[in-house]
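Presented below is the structure to which this report refers.
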There are 2 protein chains.
Amino acid sequence: MLQHKTHYSIGELCDEFSVTARALRFYEDEALIAPERRGTQRLYTERDRARLAWILRGKRVGLSLSDIKELLDLYDIGDNRRTQRLKTIERCQGQVDKLKQQRVDIDATIKELEGFITLVKSQTADQSTQGK
Amino acid sequence: MLQHKTHYSIGELCDEFSVTARALRFYEDEALIAPERRGTQRLYTERDRARLAWILRGKRVGLSLSDIKELLDLYDIGDNRRTQRLKTIERCQGQVDKLKQQRVDIDATIKELEGFITLVKSQTADQSTQGK
DNA sequence: TCACTACTTTACGTTTCCGTAAAGGTCAAT
DNA sequence: ATTGACCTTTACGGAAACGTAAAGTAGTGA
């Protein structure tokens with residue numbers, strides 16, 4: 001049975017994801033994760049771990065913690081009222097649009113930087129030719 | 001001759017790029033742009049305008065102002081020493097790598113959000129079918 | 001001359017996302 | 001019993017990127 005651990009200590013998650021305990025506690029203060037307790041110590045479940053992965057990826061793409069919280073909450077709500085679902089779709093679509101625009105910007109920036117690199121490299125090649 | 005203006009006031013640039021004058025002055029304090037002066041007022045050239053566009057796109061992809069400054073400076077330096085050029089290439093390549101990783105994260109996030117949207121939409125469709 | 005608009009500087013305030021002590025609790029191994 | 005590793009809370013600190021008055025200047029039109 002390939003079954004991974006069902007519980008993680010704060011230190012384990014820190015090591016796995018290369019974040020500080022301070023950060024994890026901060027995310028908890030901000031209600032992004034809510035690990036159980038064994039006495040005073042935190043016990044993270046597999047679900048908490050998945051949420052953490054989501055949080056960190058969200059950060060890498062430039063979402064704020066409150067954006068991330070909102071999206072995570074939307075996943076969880078399971079609210080069946082139609083209006084609520086429409087709002088959910090709207091919010092998500094908004095983020096998707098932002099991310100798509102961001103991808104356009106990223107591609108343009110990569111292109112420009114790579115062009116510049118090529119230019120500088122060609123100069124370096126010139127000199128090394130002369131330098132021989 | 002299709003020639004655009006050669007000089008812009010701070011207000012014009014603000015309108016064009018939807019940024020506040022405060023932001024532009026802040027970028028100037030941080031040495032990201034250095035407009036001329038006519039008396040006390042700032043006169044932005046076409047080059048300043050291009051730099052501003054670069055700055056704002058850099059921001060949109062999540063670069064810090066100091067990252068942006070560094071890259072802009074690299075464009076300008078024209079330092080011909082070989083070691084300097086190698087450093088330049090290294091820095092740029094580093095940013096390119098970061099941006100490529102970011103694109104991977106963005107694609108994954110978009111995919112996940114769109115999947116979720118599809119799911120919620122299907123539930124909404126169910127209910128509207130029943131609701132008829 | 002008066003008013004208006006666009007510009008200027010100086011300077012303190014704000015939000016986000018944690019870093020970094022400080023001071024201590026818990027449990028296992030020596 | 002004491003060390004050490006790992007955990008806890010509370011609370012002040014700090015960089016980044018501006019926001020936001022406050023108070024003054026410069027040109028323009030009526």
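Letters A, B, ... mirror the listed sequences (proteins, then strands); counts begin at 1. Note that the coordinates shown come from a computational prediction; the quantities given were computed from them, not determined experimentally.
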At less than 4.0 Å, is any side-chain N or O atom of A:R42 found next to OP1 or OP2 of D:dT9? Yes or no. yes
First of B:S66 and A:E12 reached from the 5' end of DNA chain D, by closest nucleotide: A:E12
Figure out the NZ/P separation between A:K69 and C:dT15, and round it to whole Å. 19 Å
Is the phosphate of C:dC18 approached by A:Y27 (side-chain N or O, under 4.0 Å from OP1 or OP2)? yes
Short side-chain N/O contact from B:S9 to OP1 or OP2 of C:dC7, under 4.0 Å: yes
Expressed in angstrom and rounded to an integer, what is the separation of B:L32 atom CG from D:dC18 atom P? 10 Å
Test log, rule side-chain contact (heavy atoms from CB on, under 4.5 Å), inputs A:F116 and B:L74: CA-CA 10 Å; A:F116 183 57; B:L74 290 178; 4.2 Å; yes
Closer than 4.0 angstrom, basic N to acidic O: yes or no for A:R91 and A:E70? yes
Send over the distance from A:L43 CG to C:dT26 C1', rounded to a whole Å. 14 Å
Whole angstroms only, please: what is the CZ-P distance between A:F26 and D:dT10? 15 Å
Are B:Q123 and B:L119 side-chain neighbours, meaning at least one heavy-atom pair lies under 4.5 Å? yes
Is the distance from OP1 or OP2 of C:dC18 to the nearest side-chain N or O of A:K59 less than 4.0 Å? yes
Could you check whether B:R37 gets within reach of a base, just the sugar-phosphate, or nothing at all, counting any heavy atom under 4.0 Å? sugar-phosphate
Take atom CD of A:E70 and atom P of C:dT16, then tell me their distance rounded to the nearest Å. 14 Å
Assess whether a salt bridge exists between B:R25 and B:E28, defined as any Lys/Arg side-chain N lying under 4.0 Å from an Asp/Glu carboxylate O. no
note: B:D29, atom CG; C:dC12, atom P; distance rounded to Å ~ 15 Å
Remember a base hit wins even if backbone is also touched, and classify B:R25 as base, sugar-phosphate or nothing at under 4.0 Å, heavy atoms. base
Once each nucleotide of nucleotides 19-27 of chain D is scored for protein heavy atoms under 4.0 Å, what B/S/- sequence comes out, 5' to 3'? BB-------
Give a yes or no on whether a salt bridge exists between B:D76 and B:R51, defined as a side-chain N under 4.0 angstrom from a carboxylate O. yes
Measure the distance from CD1 on B:I33 to P on D:dC18 and round it to the nearest whole Å. 11 Å
Provide, to the nearest angstrom, the distance between the CD1 atom belonging to B:I55 and the C1' atom belonging to D:dA16. 15 Å
Do A:R42 and A:L24 have side chains that get closer than 4.5 Å, going by heavy atoms? no
Taking side chain to side chain donor-acceptor pair (under 3.5 Å) as the definition, give me every residue that meets it alongside A:T20, ordered by chain and number, with sequence neighbours left out. none
